[in-house]
2 protein chains.
Amino acid sequence: MRILIADSDSVAVGHLIKVLGKSSYTVDHVKTADEALNLFKHYDYDLFITELGLTDLPGEELIRQLRRSRVSTPIMVLSSRTDSQTKVAAFSAGADDYVTKPFDISEAQARIQALTRRAYGISEPRLRVGPLELDLESRMVSVNGHFLHLTSKEYAILELLLLRKGAVLTKDMFLNHLYGGIDEPEMKIIDVFICKLRRKLQRFGAEHMITTVWGRGYILQDPAATSAASHHSTTQSFPDGPSAPLRQAG
Amino acid sequence: MRILIADSDSVAVGHLIKVLGKSSYTVDHVKTADEALNLFKHYDYDLFITELGLTDLPGEELIRQLRRSRVSTPIMVLSSRTDSQTKVAAFSAGADDYVTKPFDISEAQARIQALTRRAYGISEPRLRVGPLELDLESRMVSVNGHFLHLTSKEYAILELLLLRKGAVLTKDMFLNHLYGGIDEPEMKIIDVFICKLRRKLQRFGAEHMITTVWGRGYILQDPAATSAASHHSTTQSFPDGPSAPLRQAG
DNA sequence: TATCAGCGATGAGAATACGCATAATTTCAA
DNA sequence: TTGAAATTATGCGTATTCTCATCGCTGATA
């Protein structure tokens, strides 16, 4: 599995390259669009990751050129811009995914896996936590083998939870993930969707997976995995000292 | 990892740039808001550090403009102003952190790391001292394998203690860490939280970890380790030499 | 040892965040 | 245009956390 990265900042992508290397990807790294185009003339890649702000050519122009010369390699854009205008431009130029900087390594990894999965098949394209399974590509979600029907917002929330499982996600993060910073509704909506998600998960026996971290946000965990570590009546994830357990809807 | 600094006083930031450069950050430095905006049009940065008193545009206006154009890069403000009004204005414009000049280099470094940490990925986000373990991302804390349920303020205090383990932390530092100089309550609150923390730690056998340094503040230590090595006390915080007593609540 | 400032502990009221039902609005297909 | 589904907004009861006042105690200093 071969990846080409075009990014002028070698330090930032250094870690990404390191991580990908460990996942048995072969990574080439260039700093200019020119070099990237050149390499594409001679080699095939399974994925192309690029920033938009390359010095010699606007990122979307590079993408357009690649697509014009019939390069079908999936393209992932790395950028600090979150405006939908830029995103749309990137997508319409031919990008397949768009990740905002600074990015979370494991989230990027998951997305990369989703984009490269086709080429060699066998790798795991799915995100799993306990009985929960989510397919990034087909956007299907199942719990204990039962497929759930989720609305787009519900899916988007669950996707972020899975992409960054084990991390506390603030409502801000959800808003940003769901709306990309444009026409954002009230924050209160997030807990409405969380509530609906919880109920749907519960229907098929996946309880206590989304935990509230009071004053911060929400976190996704496999209750079976975490309760093993702690014994007595402690709650799934934040067993309490004195008394009160973490509140879990249900 | 790429940082853009906008500051008209090149001497002041010169040192910072030097230090950051050694930490393998790539640093660009401009002196006007105009230049900064221009660079943001063409490049992606992982962090933007700016003073408020730029000549051509009020700092917060610059921040607002960046945010309006959907730049999601974390923004750290450097300013000599300490009034909460200015701070609030900066934050509401879209800043992520606020450091007052003159600043402590290592503190600035820590904050910068915190702001850019996410992109560095999986590099050991856990802090440990003796039986205590803290995960910065999931905000989970465990003692001897038992997970604790901490409130957000309790967690914030423990986090600072662990981030700077072995150093005496004054109540001022805690206040600053918890409230960032905005709407700070009475200082007395800190020892209320310390008290609650100690009790929760004690419940699972972690006693004597938070030690009172009378008249100065608190320090986190592994009691098992310190009994042998209680004389590395040359740190900035023990001007009294060997006689300085440490008291432990119980 | 007397004195005083700093610290530990507690509990109650205030402030805040959350869960969820429900209502209003938007979207979209027929 | 109409109706159903999805999305967004609102409101309220409740859970949780924060803050403060207070009191008794501890350690520093002379």
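Just so it is clear, the model here is predicted, and its values are computed rather than measured. Chain A is the first sequence line, chain B the second, and so forth, proteins listed ahead of strands; every chain is numbered from 1.
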Report task. Return no unless some side-chain N or O of R199(A) is found under 4.0 Å from OP1 or OP2 of dC20(C). Result -> no

**Report entry** Sidechain-backbone polar pair: D96(A) side chain, I75(A) backbone, donor-acceptor under 3.5 Å
**Finding:** yes

Report summary line: d(Y155(A) OH, L148(A) CG) to nearest 0.5 Å is 12.0 Å

Report task. Report the distance from atom CD1 of I194(B) to atom P of dC18(D), rounded to the nearest whole Å. Result -> 14 Å

Query - Length of the line joining R198(A):CZ and dC20(C):P, which is rounded to integer Å - result: 7 Å

Report summary line: Atom NZ of K171(B) and atom P of dC20(D) are separated, to the nearest Å, by 14 Å

Report task. Would you please confirm or rule out a distance under 4.0 Å between OP1 or OP2 of dG6(C) and any side-chain N or O of T212(B)? Result -> no

Query raised in the report: Whole-Å distance between dA9(C) C1' and I190(B) CD1?
Result: 16 Å

Query raised in the report: Going by distance alone, is a donor N or O of one side chain under 3.5 Å from an acceptor N or O of the other, for S79(A) and Y98(A)?
Result: yes

Requested in this report: May I ask you to evaluate whether Y218(B) reaches the phosphate of dG8(C), defined as a side-chain N or O under 4.0 Å from OP1 or OP2?
Outcome: yes

Query raised in the report: Under 4.0 Å between a Lys/Arg side-chain N and an Asp/Glu carboxylate O for E61(B) and R68(B)?
Result: yes

Report summary line: Readout for nucleotides 4-11 of chain D: B = base within 4.0 Å of protein heavy atom, S = sugar-phosphate only, - = neither; 5' to 3' it is --SBBBBB

Report summary line: When rounded to whole Å, the CD to P distance for the pair E207(A) and dG19(C) reads 15 Å

Query raised in the report: Please walk me through it: do K196(A) and E154(A) pass salt bridge (Lys or Arg N to Asp or Glu O under 4.0 Å)?
Result: CA-CA 8 Å; K196(A) 292 184 173 176; E154(A) 289 165 354; 5.6 Å; no

Query raised in the report: Please walk me through it: do F40(B) and Q65(B) pass side chain to side chain contact (heavy atoms under 4.5 Å, CB included)?
Result: CA-CA 11 Å; F40(B) 262 106; Q65(B) 280 199 26; over 6 Å; no

Report task. Would you kindly give the CE-to-C1' distance between M187(B) and dT19(D), to the nearest whole Å? Result -> 16 Å

